[in-house]
Amino acid sequence: MDSADEAKVWKVIRAIPAGTVLGYGEVGRLAGFPKRARWVAKLLASKTPAGLPWHRVLRSDGKIAFAEGSSGYERQLAALKKEGVEVRNGRVLKKRVVTEDEHLWGPPV
DNA sequence: CTGATGACTGATA
DNA sequence: CTATCAGCCATCA
């Protein structure tokens with residue numbers, strides 16, 4: 001895994017609009033890695049850059065990936081609510097995704 | 001090399 | 001709706 005691959009992932013995550021969420025698998029797919037959801041999760045677990053909106057990344061079913069009650073869970077939940085995302089019992093309602101919007105890959109940040 | 005593990009996913013019952 | 005199961009893939013003992 002080169003840092004270039006990681007950079008793609010960061011770029012995708014940074015492109016997620018506030019109040020919107022994406023799944024690990026979707027982030028991986030948009031970054032060009034269809035079957036690396038776990039790898040993306042691993043990246044976030046250890047190499048998350050400062051300022052990255054990692055809290056906008058959830059499981060495919062819209063639930064927070066952390067165990068309920070854990071510190072990470074609390075932090076992510078708070079951050080999501082703060083951005084206006086509706087969360088019910090650890091699950092995000094009306095999950096809005098950016099899907100295949102190519103403008104995502106427009107001008108470099 | 002082998003097997004276990006994990007911020008995962010999709011199919012099935 | 002929840003519960004299992006089988007893939008998936010990088011990392012580590």
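This structure is a prediction, so every number in the text was calculated from the model and none was measured. Note on naming: letters A, B, ... go to the chains in the order of the sequence lines (proteins, then strands), and numbering restarts at 1 for each one. Any value given below was found using the heavy atoms of this structure, including those in side chains, with hydrogens, waters and symmetry copies removed.
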Nucleotide N/O of nucleotides 10-13 of chain B paired with protein N/O under 3.5 Å:
none

**Request:** Test A:V21 against every option in A:L58, A:I64, A:V57 by the side-chain contact (heavy atoms from CB on, under 4.5 Å) rule and name the one that passes.
**Result:** A:L58
**Request:** Could you give the distance separating B:dA7 and C:dG7 at their P atoms, to the nearest angstrom?
**Result:** 22 Å
**Message:** Measure CD1/A:I13 against P/B:dC8 and give the value in whole Å, please.
**Reply:** 13 Å
**Prompt:** What is the distance, rounded to the nearest whole Å, between atom CG of A:L22 and atom C1' of B:dC8?
**Reply:** 15 Å
**Item:** Between B:dG6 (P) and A:I64 (CD1): distance, integer Å
**Value:** 20 Å
**Message:** From CG of A:L52 over to P of B:dA7, roughly how many Å is that when rounded to an integer?
**Reply:** 18 Å
**Asked** If we only count heavy atoms from C-beta on, is the A:Q76 to A:W54 side-chain gap below 4.5 Å?
**Response** yes
Do any side-chain atoms of residues 34-48 of chain A form donor-acceptor pairs under 3.5 angstrom with protein atoms, and if so which ones, sequence neighbours left out?
| residue | atom | partner | partner atom | Å |
| --- | --- | --- | --- | --- |
| A:S46 | OG | A:K42 | O | 2.9 |
| A:K47 | NZ | A:E6 | OE2 | 2.6 |
| A:T48 | OG1 | A:L44 | O | 2.4 |

**Gap between atoms CZ and P, on A:F66 and B:dA7 respectively (whole Å)** = 8 Å
**Minimal non-hydrogen separation, A:G72 against A:F66, with atom names** = C-CD1, 3.7 Å
**Message:** A side-chain contact here means heavy atoms from C-beta on lying under 4.5 Å apart; do A:V27 and A:V9 qualify?
**Reply:** yes
**Message:** If you define the side chain from C-beta out and look only at heavy atoms, does anything of A:R14 sit under 4.5 Å from A:L52?
**Reply:** yes
**Fill in**
Symbol by symbol from the 5' end, with Watson-Crick or G-U pairs under 3.5 Å, [ ] crossing and | another strand, DNA chain B is .|||||.||||||
**Item:** Partner residues of A:A18 under the side chain to side chain contact (heavy atoms under 4.5 Å, CB included) criterion, sequence neighbours left out
**Value:** A:R56, A:E83
**Request:** Using a 4.5 Å cut-off on heavy atoms from C-beta on, say whether the side chain of A:R29 contacts that of A:E26.
**Result:** yes
**Asked** What are the residues of residues 33-46 of chain A, sorted by number, that bring a heavy atom to within less than 4.0 Å of DNA chain C?
**Response** A:K35, A:R36, A:R38, A:W39, A:K42
**Complete:** Correct closest heavy-atom pair for A:A31 and A:K8 would be O-CD, 3.5 Å
